[in-house]
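Taking it in order: structure first as structure tokens, then the write-up.
Fair warning: this is a prediction, and the values are worked out from it, not measured in the lab.
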Protein chains: 2
Amino acid sequence: MSTPILSPLSFYKCLSDDTRLKALMLIYLEKELCVCDLITALELSQPKVSRHLADLRKCHILLDERRGKWVYYSVNPKLPEWAMKVLELTAHNTEAYLNDNITNLNMAKQSECCP
Amino acid sequence: MSTPILSPLSFYKCLSDDTRLKALMLIYLEKELCVCDLITALELSQPKVSRHLADLRKCHILLDERRGKWVYYSVNPKLPEWAMKVLELTAHNTEAYLNDNITNLNMAKQSECCP
DNA sequence: GATTGACATTCGAAAAAACATATATATGAT
DNA sequence: ATCATATATATGTTTTTTCGAATGTCAATC
């Protein structure tokens, strides 16, 4: 029954790293993504992506769900409304920042990573 | 004529420190504050406050204006609209986080720091 | 049950950020 | 000119964050 406590400071600390911010924006825009999608979209090593996703998970911004071999990440719908709106504003005003990654992601979706 | 470029990453890096986030929220809520107000409100040393204000100034989130002996800081009205809305959402949803500092600030305002 | 694929975690090093202290500058008053 | 006050910057140090590489775990398949 308790809503997860998310201090504004820990929220913004999560957004203050390039990998975390981009991963979060992509997941927000796509509703959910698996780790292999993000590795391709961000062009980063698997441990690096995984570590930053863990940060976002630990402060309850993201949820993870294993389905078979893959782990899917999505934005926690229980996020405070103000935080959700911040994500919305950011995602829709950072096209240039995300451009390359979205291109990579679309290519990833057409390949054979995850179903 | 050019609007100042503010990448989402550098914006959120500025918000990811306790001193900077609180100072920015207080300045946003009060329209403008001088350094001595912030020293009292945040209960921090002068160089520490000054250094973090400089960070916020350097990425164009804050403007500074000297009036006599005092330097007043305010939110840059040329901030991108999405960023301004993020400040609005944050300021009005972090009462508990700012509570003590607002109390301190009101006491500061009644004392003899700046006019 | 051994292996493979997808992902997570640990560890030590390197880089970045934050700190306290000292010093500099700018303004107004004496 | 000198001094006090308000603020900024510079410097050396400590703390935090990030990273790559290696290793561990879990589920599916052979």
- Query: Quick one: do K22(A) and D18(A) make a salt bridge, cutoff under 4.0 Å?
  - Reply: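 A salt bridge is present here (some side-chain N lies under 4.0 Å from a carboxylate O).
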- Got a salt bridge between E88(B) and K85(A), using NZ or NE/NH1/NH2 to carboxylate O under 4.0 Å?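 Salt bridge absent between E88(B) and K85(A).
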- Note on the structure: Exactly one candidate in L63(A), L56(A), L24(A), L29(A) meets side-chain contact (heavy atoms from CB on, under 4.5 Å) with V75(A); the answer is L24(A)
- Start with the C-alpha distance between E43(B) and K48(B), add both sets of side-chain angles, then the distance that settles salt bridge (charged side-chain N to carboxylate O under 4.0 Å, His left out), and finish with yes or no. CA-CA 10 Å; E43(B) 299 178 285; K48(B) 180 168 176 174; over 6 Å; no
- Message: What's R66(B) touching, base or sugar-phosphate or nothing? Going by heavy atoms closer than 4.0 Å.
- Response: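 Sugar-phosphate: the residue R66(B), judged by heavy atoms under 4.0 Å, touches backbone atoms but no base.
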- Task: Give one of base, sugar-phosphate or nothing for Y72(B), where a contact means two heavy atoms less than 4.0 Å apart.
- Result: nothing
- Query: Would a distance-only check, ignoring hydrogens and angles, find a side-chain to backbone donor-acceptor pair under 3.5 Å from R20(B) to C14(B)?
  - Reply: yes
- Spell out, as yes or no, whether a donor-acceptor pair under 3.5 Å connects the side chain of S7(B) to the backbone of S10(B). yes
- Message: How many whole angstroms separate atom NE2 of H52(B) from atom C1' of dA18(C)?
- Response: 6 Å
- Query: How close or far is atom P of dC7(C) from atom CG of D64(A), stated in whole angstroms?
  - Reply: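 It works out to 12 Å between those atoms.
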- Message: Using OP1 and OP2 only, check whether a side-chain N or O of R57(A) sits under 4.0 Å from dA8(C).
- Response: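 R57(A) to dA8(C) OP1/OP2: side-chain N or O found under 4.0 Å.
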- Message: Contact list please: residues 28-50 of chain A against DNA chain C, heavy atoms, distance less than 4.0 Å, in numerical order.
- Response: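 Contacts with DNA chain C under 4.0 Å: C34(A), V35(A), C36(A), Q46(A), P47(A), S50(A).
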- Of all of residues 8-26 of chain B, which get a heavy atom below 4.0 angstrom from DNA chain C, listed by number?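 Those residues are D17(B), R20(B).
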- Task: Take atom CD of E95(B) as the centre, draw a 6.0 Å sphere, and report whether it contains more than 12 heavy atoms from other residues, nucleotides or ligands.
- Result: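 Atom CD in E95(B) is crowded, with more than 12 foreign heavy atoms closer than 6.0 Å.
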- Message: Y28(B) vs S74(B), test: side chain to side chain donor-acceptor pair (under 3.5 Å). Steps then yes/no.
- Response: CA-CA 7 Å; Y28(B) 181 88; S74(B) 57; over 6 Å; no
- Working for side chain to side chain contact (heavy atoms under 4.5 Å, CB included), residues V71(A) and Y73(A): CA-CA 7 Å; V71(A) 176; Y73(A) 282 85; 3.7 Å; yes
- Task: Between D55(A) and K69(A), just flag the one whose closest nucleotide in DNA chain D comes earlier from the 5' side.
- Result: D55(A)
- Query: If you group Ile, Leu, Val, Met, Phe, Trp and Tyr by side-chain heavy-atom gaps below 4.5 Å, do L26(A) and Y72(A) land in one group?
  - Reply: no
- Query: On DNA chain D, which is the earliest and which the latest nucleotide, 5' to 3', with an atom closer than 4.0 Å to a heavy atom of chain B?
  - Reply: dT5(D) to dT9(D)
- Message: Tell me the closest heavy-atom pair linking P8(A) and T90(B), and the distance in Å.
- Response: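 Of all heavy-atom pairs spanning P8(A) and T90(B), the closest is CB-CG2, 4.5 Å.
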